[in-house]
**Student:** 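Just dropping this structure here.
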Amino acid sequence: MTKLIKVMKGTKDILPQEVEMWHKLEKNALEIFTRYGYKEIRTPIFEVTELFARGVGDTTDIVNKEMYTFEKSDRSITLRPENTAGVVRSFIENGMARLSAPVKLWYKGPMFRYERPQAGRQRQFHQVGVEMFGIKDAAADAEVIMLAVDYLKSLGLEDLEVEINSLGCPKCREEYKNKIKEVLKPEFENLCEDCQNRYEKNPLRLLDCKVDTCKEIFAKPQIQKVIQSDFICEECASHYKDLKTYLDRLNIKYVENKLLVRGLDYYNRTVFEIKSNNLGSQNAVCGGGRYDSLVKNLGGEDTPAVGWAMGMERLNSLLPVIEPEKLDAYIVSNSPADAFELAQDLRSNGVKVEFDLANKKFTKQLEKASKVAKFALILGEDEIKAGKVSVKNLSTSQQVTVERNEVINKIME
RNA sequence: GCGCCUGUCGUCAAGUGGUUAAGACCUCGGAUUGUGGUUCCGAUAUGCAUGGGUUCGAAUCCCAUCUGGCGCCCCA
């Protein structure tokens, strides 16, 4: 026996019975994003590895251990693990900084991360996302969040939780990091292995460790004092306050989460996530924030920016299954040529219609019709002779015989 | 990358060392030579993720690999 080739670990086929849900996600994205003035952009699925190393940050897990990287003609190439870096690259390369701000872009497509698959996590997965360039004001952050909420609402998802936080700017964040490290220094030996790692790499992440011994340490008063302190500088604080004012005015409910830290290096000030309780441990459907220094870091003009991405598989798992739509009609006939002719006539008028290419027995064809179509179009010897068609409504069992050119009216009425 | 669990027809499954591996759904054929969705009858796994091993005998026990799930890390 020949060995079967199976889909690779962490990848999935999107089968015909699920594809309508994907169409819906894509259709609503186009519709809602267009309303807000966003234009779609499609960037390549692979880029030079350096883009992600510099863009996403080479201390992040994504870049460190999750990228699909390969060599071709002495170049290191990587399958995109996310699309913000690619969009920024294109923004710079195509001189979009010269367009009048804001520049609003959206995208959808597959992303690749070499991770251990589990519910809501695959190695090839799809994201839909938006990026807005050129606006420093918190109105941009608010609009982007509003857009996410609006899009989710269009899909029927309304009871999701929006969490926000401000990471401050590189300057005040650095001071905060140092404070955390300082107060935790005496406890370093007692921290779990992960936390000891995070101590160097990303001290902000330490704080929501789930290990009991770490929790105890963080509960100590002098450490709590640092965690609870408002570390962000005046300017960042005012930006954050503006954001909350906008969200209140827009009636967007949110929860402030001081421990919300995102793992991509490029974020500053606003970060946010939208979560669902129906997703298991990978519970974020949407994640994003502000990244004011990324454009400059990748060699462009200093341009503020804010954006988010949603996991389409996660969205799908929250959506009710869509029943496949029935055909308008199924032709029942033992004269394939006549059936074919009628089918083409109707198809050219926009009718969804099929007939039996295998020319099975009459009853089999009718049985099939009742399963897949709203109407059966019976085209037997008698009808062919008379140049007519019997149109049978399969839910009411009503049947009338009409002229061929009247069939379409019968079906559409 | 780490820890725990898992894998029987296209799908959902019964079977837990001893003759031909239940059942249901789907699919296909027949009852029914032009009237369906109901009903009845029949067909469909020489094989139990894959490869080794233990045994007189393995879907069942052991090992490895692969896969799926959960948790950690991290993220959408």
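So you know, we letter chains A, B, ... as the sequences are listed, proteins then strands, and number each from 1.
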**Student:** Are A:Glu325 and A:Lys352 ion-paired here, with the side-chain N under 4.0 Å from a carboxylate O?
**Tutor:**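 A:Lys352 and A:Glu325: salt-bridged.
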**Student:** NA contact type, A:Gly380, heavy-atom cut-off 4.0 Å: base, sugar-phosphate, or nothing?
**Tutor:**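 Base, at least one base atom sits under 4.0 Å.
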**Student:** Mapping A:Leu279 and A:Met312 onto RNA chain B by nearest heavy atom, which one lands closer to the 5' end?
**Tutor:**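 Result of the comparison: A:Leu279.
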**Student:** Please work out if A:Ile378 contacts a base, only the sugar-phosphate, or nothing of the nucleic acid, heavy-atom cut-off 4.0 Å.
**Tutor:**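 It contacts base atoms.
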**Student:** For B:U27 and B:A64, measure between their C1' atoms and round to the nearest Å.
**Tutor:**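 Rounded to whole Å, the distance is 37 Å.
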**Student:** Looking across every strand, which nucleic acid part, if any, lies under 4.0 Å from A:Lys275 by heavy atom: base, sugar-phosphate, or nothing?
**Tutor:**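 A:Lys275: no heavy atom of the nucleic acid under 4.0 Å.
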**Student:** Among side-chain atoms of A:Asn268 and A:Asp292, is any donor-acceptor pair under 3.5 angstrom?
**Tutor:**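 Yes, because at least one side-chain N or O of A:Asn268 sits under 3.5 Å from a partner of the opposite role on A:Asp292.
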**Student:** Select base, sugar-phosphate, or nothing to describe what A:Gln399 touches, counting heavy atoms under 4.0 Å on all strands.
**Tutor:**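 Result for A:Gln399 = base.
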**Student:** With a 4.0 Å cut-off on heavy atoms, is A:Gly129 in touch with a base, just the backbone sugar-phosphate, or nothing at all?
**Tutor:**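 No contact.
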**Student:** A:Lys9 has a side chain; which of B:C72, B:U35, B:G68 sits nearest to it?
**Tutor:**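 Nearest listed nucleotide: B:G68.
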**Student:** Looking across every strand, which nucleic acid part, if any, lies under 4.0 Å from A:Lys392 by heavy atom: base, sugar-phosphate, or nothing?
**Tutor:**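 Base, at least one base atom sits under 4.0 Å.
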**Student:** Going by modelled atom types, is there a donor-acceptor pair between the base of B:C74 and the side chain of A:Arg121 at under 3.5 Å?
**Tutor:**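 Donor-acceptor pair under 3.5 Å: yes.
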**Student:** Please determine whether a side-chain nitrogen or oxygen atom of A:Thr363 lies at a distance below 4.0 Å from atom OP1 or OP2 of B:U35.
**Tutor:**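 No.
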**Student:** Classify the side chain of A:Ser390 versus the base of B:G34 as yes if they form a donor-acceptor pair under 3.5 Å and no if they do not.
**Tutor:**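 No, no donor-acceptor pair under 3.5 Å.
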**Student:** Is it true that A:Tyr330 and A:Phe355 have ring centroids separated by less than 6.0 Å?
**Tutor:**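 Distance test on ring centres: not under 6.0 Å, no.
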**Student:** Under 4.0 Å between a side-chain N/O of A:Arg116 and OP1 or OP2 of B:G68, yes or no?
**Tutor:**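 For A:Arg116, the contact criterion (side-chain N or O under 4.0 Å from OP1 or OP2 of B:G68) is not met.
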**Student:** Identify which nucleotide among B:G36, B:G29, B:C74 has an atom closest to any side-chain atom of A:Ser397, counting heavy atoms from C-beta outward.
**Tutor:**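 From the listed options, B:G36 comes nearest.
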**Student:** Can you tell me the pairing partner of B:C2 across any strand shown, Watson-Crick or G-U wobble, with both distances under 3.5 angstrom?
**Tutor:**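 Because both required distances fall under 3.5 Å, B:C2 counts as paired with B:G71.
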**Student:** Under 4.0 Å, heavy atoms only, any strand: does A:Glu381 hit a base, just the sugar-phosphate, or nothing?
**Tutor:**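 If one applies the 4.0 Å heavy-atom cut-off, A:Glu381 turns out to touch a base.
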**Student:** Taking atom types as modelled, is there a side-chain donor on A:Asn28 or A:Ser154 under 3.5 Å from an acceptor on the other?
**Tutor:**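 Short answer, yes.
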**Student:** What contact category does A:Glu313 fall into here, base, sugar-phosphate, or nothing, at under 4.0 angstrom with non-hydrogen atoms?
**Tutor:**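 No contact at all - A:Glu313 keeps every heavy atom at 4.0 Å or more from the nucleic acid.
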**Student:** By the 4.0 Å heavy-atom rule, please label A:Glu367 as base, sugar-phosphate, or nothing.
**Tutor:**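 Contact class for A:Glu367: sugar-phosphate only.
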**Student:** Closer than 4.0 angstrom, basic N to acidic O: yes or no for A:Glu256 and A:Lys244?
**Tutor:**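 So A:Glu256 pairs with A:Lys244 through a salt bridge.
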**Student:** Applying a 4.0 Å non-hydrogen cut-off, can you work out what A:Gln17 is touching in the nucleic acid: base, sugar-phosphate, or nothing?
**Tutor:**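 Answer is nothing: A:Gln17 stays at 4.0 Å or more from every strand.
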**Student:** Considering just the side-chain nitrogens and oxygens of A:Lys368, establish if one lies under 4.0 Å of OP1 or OP2 belonging to B:C28.
**Tutor:**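 False: A:Lys368 side-chain N/O out of range (4.0 Å or more) of B:C28 OP1/OP2.
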**Student:** Considering Watson-Crick and G-U wobble pairs with both distances under 3.5 Å, what does B:U32 pair with?
**Tutor:**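 B:U32 is unpaired by these criteria.
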**Student:** Applying a 4.0 Å non-hydrogen cut-off, can you work out what A:Gly10 is touching in the nucleic acid: base, sugar-phosphate, or nothing?
**Tutor:**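 Sugar-phosphate: the residue A:Gly10, judged by heavy atoms under 4.0 Å, touches backbone atoms but no base.
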**Student:** Looking only at side-chain atoms of A:Glu383, point me to the closest of B:C73, B:G36, B:G34.
**Tutor:**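 Of the candidates, B:G34 comes closest.
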**Student:** Taking A:Glu115 for its side chain and A:Arg123 for its backbone only, find out whether a donor-acceptor pair lies under 3.5 Å.
**Tutor:**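 No.
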**Student:** Consider the side chain of A:Lys371, meaning its heavy atoms from C-beta on, and name the nucleotide among B:C74, B:U27, B:G69 that approaches it most closely.
**Tutor:**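 Closest nucleotide among those given: B:U27.
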**Student:** Classify A:Asp382 by what it touches in the nucleic acid, base, sugar-phosphate, or nothing, heavy-atom distance under 4.0 Å.
**Tutor:**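 Base, at least one base heavy atom under 4.0 Å.
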**Student:** If you check the A:Lys364 side chain, which of B:G29, B:G71, B:G36 turns out closest?
**Tutor:**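 Minimum distance to the A:Lys364 side chain belongs to B:G29.
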**Student:** Do A:Glu187 and A:Tyr199 get their side chains close enough for a donor-acceptor pair, meaning under 3.5 Å?
**Tutor:**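 Their side chains do not contain a donor-acceptor pair, so the 3.5 Å distance test is not met.
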**Student:** How is A:Ala309 classified with respect to the nucleic acid when contacts are heavy atoms under 4.0 Å: base, sugar-phosphate, or nothing?
**Tutor:**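 Counting heavy atoms under 4.0 Å across all strands, the contact made by A:Ala309 is with sugar-phosphate only.
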**Student:** Relative to the 5' end of RNA chain B, which residue comes earlier, A:Val7 or A:Cys286, by the nucleotide with the nearest heavy atom?
**Tutor:**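 Upstream on the strand: A:Val7.
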**Student:** At under 4.0 Å, does any side-chain N or O of A:Gln118 touch on OP1 or OP2 of B:G71?
**Tutor:**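 Result: yes.
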**Student:** Is the shortest side-chain N/O distance from A:Lys361 to OP1 or OP2 of B:G30 below 4.0 Å?
**Tutor:**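 Answer is yes, contact under 4.0 Å.
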